[in-house]
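Quick note: numbers below take in every heavy atom, side chains included, and nothing from hydrogens, waters or symmetry partners.
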Amino acid sequence: MPPRRLGFLPPRAAGMLPPMADGRGQPQLGAWEGAVFTDYIGVRHVLGRTADAYGIWPLAGGTALRRFPLTHDGWADAWRAYQDLEAPVAPVPPSTWRRGHPIRLGPMRAGQVIGGAFRLYRMYFSTLLGVVAPAMLGFYAIVVYANWVTARTVSIQGFRVVEVPEWVNVVTNILYAAVTQFVTAAAAKTAVDAFRGRETTLGTAYRFAFPLIFPVGWVFILLIVVLLLPLLPGILLTVGAAGAGDAGLAAAGALAMLVGVVVALFLAIRLIFSSLAVVLEGHRGGRALRRSWRLSRGVAWRIFGVLILSFLIILGVQLVVLIPLLVPIVSGATEITRANLAVINAANGLVATLLTPFFSVVTILLYADARLRKEEPDPERLWAAVP
């Protein structure tokens with residue numbers, strides 16, 4: 001049998017131990033199905049052996065990707081294959097992407113993620129819009145109608161405005177959460193088919209998304225609960241300070257709220273792939289949150305940077321569309337009526353319909369980038385769980 005170490009690479013890179021390590025920092029062989037010994041632990045793969053063969057496993061664990069005879073020639077073949085798999089994946093630049101052709105993804109810089117999202121958005125604009133528009137515009141049509149029917153006119157310091165009952169806002173917010181989760185699944189299916197070089201129809205995307213409404217919705221609820229927990233101390237202190245009129249308690253509440261917001265932001269970044277873990281990998285409930293936590297480990301700053309750029313782009317578009325409608329109201333030049341409230345809601349619906357596909361593609365590219373960097377060298381396997 002060949003020697004355990006051949007000296008080509010250091011056996012382990014600092015910080016690259018798999019997530020299944022025990023308390024002493026040693027990998028557990030049970031993480032890699034059938035492995036009885038590990039020879040090399042790389043950035044994305046493990047080279048080791050079973051009782052009767054050499055094998056290469058994904059670093060994240062599971063079944064062996066490839067097996068080789070337990071001979072000197074088998075070891076040489078296994079080592080070459082391991083080096084090929086560990087080599088950096090060379091993606092096709094977004095500028096060369098073509099509609100109807102498979103797109104080979106690879107690790108990307110922040111600018112490449114944004115550029116790739118714009119490229120895919122432009123190439124498949126009609127398809128993405130066709131999938132997202134029926135659900136989003138249908139929802140906003142309901143909002144416009146509900147606000148029109150239930151709004152009442154009140155006078156505030158001589159200025160006439162319309163108010164919508166609170167229960168209407170609660171119901172529409174719940175419905176909005178459900179619609180956005182459905183659209184997330186439908187847009188993900190559309191984007192994955194685009195990466196495969198396929199065309200997606202509205203029926204195909206919706207048939208894929210409908211069974212995922214409740215699993216994705218449940219994960220969304222869990223995510224909201226997780227994000228609210230860090231804010232709870234600040235909320236309780238602030239409410240207590242308001243009731244007691246205690247300035248010191250109010251200051252403590254403000255500090256607790258600030259800390260809670262920072263923690264919630266960190267959690268939101270680490271859990272950003274939770275919905276995609278349901279849609280693209282079939283995880284459910286808490287497993288989807290834990291999957292996102294593991295996948296975003298070590299790339300959180302990259303995710304944060306891309307999200308900031310994306311939100312700035314989205315905010316810019318929203319301002320361009322909404323400022324002309326809001327300035328007359330804010331300046332007092334016109335009163336808030338049912339008509340201009342309906343116009344503002346309709347404009348919100350248009351902006352959301354246009355921007356939701358773009359943000360969905362950004363998130364999927366971040367997900368693909370994280371997987372390709374950490375565990376999956378073959379871009380073709382990224383979408384293996386998506387029909």
Side-chain angles (χ1 to χ4, degrees), residues 15 19 109-111 113-114 156 163-164 166 169-170 172-174 176-178 180-181 184 216-277 285-286 288-320 322-323 326-327 329-330 344 348 351-352 355-356 358-360 362-363 366-367 369-370:
R109 298 187 298 274
V113 172
I114 298 295
I156 300 177
E163 288 184 346
V164 177
E166 192 59 35
N169 292 326
V170 171
T172 53
N173 284 332
I174 293 173
Y176 177 76
T180 53
Q181 298 312 302
T184 295
V216 175
W218 174 237
V219 167
F220 178 76
I221 292 172
L222 292 177
L223 180 59
I224 294 299
V225 171
V226 170
L227 298 182
L228 286 177
L229 286 177
L231 303 176
L232 190 59
I235 294 173
L236 295 177
L237 287 172
T238 301
V239 171
D246 189 330
L249 194 60
L255 179 61
M257 282 294 293
L258 178 61
V259 173
V261 168
V262 173
V263 174
L265 178 61
F266 170 76
L267 293 175
I269 293 170
R270 292 295 303 271
L271 299 175
I272 190 173
F273 300 133
S274 299
S275 294
L276 291 180
L289 269 65
R290 291 192 293 272
R291 169 60 172 158
S292 178
W293 187 267
R294 292 194 301 269
L295 192 57
S296 61
R297 181 187 292 118
V299 293
W301 281 111
R302 180 185 302 277
I303 295 172
F304 178 72
V306 171
L307 291 181
I308 290 294
L309 291 174
S310 301
F311 285 136
L312 289 175
I313 293 169
I314 291 171
L315 179 61
V317 175
Q318 289 176 326
L319 291 177
V320 168
L322 296 178
I323 280 182
L326 296 176
V327 166
I329 296 174
V330 174
I344 291 172
N348 273 325
V351 172
L355 294 180
T356 296
F358 171 75
F359 187 73
S360 296
V362 169
T363 309
L366 284 171
Y367 162 86
D369 175 76

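Ring geometry for Phe359 versus Phe311: interplanar angle under 30°, hence parallel rather than tilted (30 to 60°).
Here the straight-line distance linking atom CZ of Arg291 with atom CG of Leu271 works out to 13.0 Å at 0.5 Å rounding. The distance from the CG atom of Leu309 to the CZ atom of Phe304 is 10.0 Å, given to the nearest 0.5 Å. In this structure, OG1 on Thr238 lies 10.5 Å from CG on Leu231, to the nearest 0.5 angstrom. Put simply, CG on Leu255 and CG on Leu237 are 9.5 Å apart, with the number rounded to the nearest 0.5 Å. Taking CZ from Arg294 and CG from Leu289, the interatomic distance works out to 11.0 Å, rounded to the nearest 0.5 Å. Here the OG1-CD1 distance, from Thr356 to Ile314, works out to 8.0 Å after rounding to the nearest 0.5 Å.
Put simply, the side chain of Ile272 reaches to within 4.5 Å of the side chain of Leu307, judged on heavy atoms. Contact annotation: the side chain of Asp369 approaches that of Arg302 to within less than 4.5 Å [non-hydrogen atoms, C-beta and beyond]. Between Thr180 and Phe220 the shortest side-chain heavy-atom distance does not fall below 4.5 Å. Between Val216 and Thr184 the shortest side-chain heavy-atom distance does not fall below 4.5 Å. The side-chain heavy atoms of Leu355 and Gln318, taken from C-beta on, include a pair separated by under 4.5 Å.
For Trp218, the CH2 atom sits in a loose shell: 12 or fewer heavy atoms of surrounding residues, nucleotides or ligands are nearer than 6.0 Å.
Closest non-hydrogen pair, Ala288 versus Val219, comes out as CB-CG2, 3.9 Å. Between Ile114 and Phe358, the shortest heavy-atom distance links the atoms O-CE1, 4.5 Å. When all heavy atoms of Leu222 and Gly285 are compared, the closest pair comes out as CD1-C, 3.7 Å. Pairing each heavy atom of Pro233 with each of Ala256, the nearest pair is C-CB, 4.3 Å. Of all the heavy atoms in Ala268 and Leu227, the pair that sits closest is N-CD2, 3.6 Å.
When atom types are taken as modelled, the side chain of Thr363 and the backbone of Phe273 share no donor-acceptor pair closer than 3.5 angstrom.
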